[in-house]
Amino acid sequence: FPKKKVQVLWLSPPDVHFPDNGYGIGNGPLPRLVIAELLVEELSPESQEIIRKYLKPEGGKQAVLSSTLGSLIWEKPTSTDFNQLAKESEFAAWTLVYGYTMNH
């Protein structure tokens, strides 16, 4: 999604036959996986500065814990910062509010 400043990788599992008797693989179709990367360097300087303001150097080390607990590793964003990011990328704004938490 170049216009949204997001690069996306979509993975779909192979077709798998599920027996009607309840035995076999899982309880239904396997999930699809979407991995999205915000292309920060393509945002305006103002939006890049907002992102830098919230991220901390140790952020990568805490990303797994953050996504597991569903918590932010940065301070709660202001509505002004959210609105600025939303003008350029809804994904950037969503990530600022929800952090590394899994979606759906």
Side-chain angles (χ1 to χ4, degrees):
F1 301 95
K3 202 173 182 184
K4 301 283 187 179
K5 316 279 193 292
V6 176
Q7 184 172 329
V8 178
L9 176 64
W10 183 75
L11 304 169
S12 181
D15 290 332
V16 177
H17 172 71
F18 296 97
D20 294 332
N21 64 6
Y23 295 101
I25 301 174
N27 294 321
L30 297 171
R32 294 184 181 121
L33 179 64
V34 177
I35 301 171
E37 174 188 11
L38 177 63
L39 303 173
V40 177
E41 66 281 355
E42 294 183 14
L43 296 171
S44 69
E46 183 179 5
S47 290
Q48 289 183 38
E49 186 57 35
I50 290 169
I51 290 169
R52 280 191 212 98
K53 178 172 79 173
Y54 289 95
L55 293 180
K56 296 180 173 53
E58 67 278 1
K61 296 175 185 174
Q62 299 172 358
V64 173
L65 181 59
S66 171
S67 65
T68 303
L69 297 175
S71 61
L72 291 176
I73 59 172
W74 49 78
E75 64 191 57
K76 184 178 176 182
T78 66
S79 60
T80 303
D81 290 343
F82 174 85
N83 290 331
Q84 169 59 34
L85 290 178
K87 285 183 208 174
E88 292 187 64
S89 171
E90 293 168 354
F91 181 71
W94 187 93
T95 304
L96 183 65
V97 171
Y98 292 101
Y100 299 115
T101 303
M102 300 250 190
N103 181 4
H104 306 329

*To the nearest 0.5 angstrom, please state how far the CD atom of Glu90 sits from the CZ atom of Phe82.*
8.5 Å
*With sequence neighbours excluded, what pairs up with Ser44 under the side-chain contact (heavy atoms from CB on, under 4.5 Å) test?*
Glu46, Ser47, Gln84, Glu88
*Which atoms form the tightest heavy-atom contact between Phe91 and Ala36, and what is the distance?*
CZ-CB, 3.6 Å
*Treat each ILVMFWY residue as a node, draw an edge where side-chain heavy atoms are under 4.5 Å apart, and state whether Leu9 and Leu33 are in one component.*
yes
*With rounding to the nearest 0.5 Å, note down the distance linking CH2 in Trp10 to CD1 in Ile35.*
13.0 Å
*asked:* How long is the straight-line distance from CD1 of Ile51 back to CG of Leu38, given to the nearest 0.5 Å?
replied: 5.0 Å
*Judged by atom type as modelled, is there a donor-acceptor pair below 3.5 Å linking the side chain of Trp74 to the main-chain atoms of Leu96?*
yes
_Contacts of type side chain to side chain donor-acceptor pair (under 3.5 Å), residue Gln48, not counting sequence neighbours_ = Arg52
_Atom pair CG (Leu85) and CG (Leu43), whose distance is rounded to the nearest 0.5 Å_ = 7.0 Å
_Spacing of Asp81 atom CG and Glu75 atom CD [to the nearest 0.5 Å]_ = 8.5 Å
*Give a yes or no on this: more than 12 heavy atoms of other residues, nucleotides or ligands lie within 6.0 Å of atom CD of Glu49.*
yes
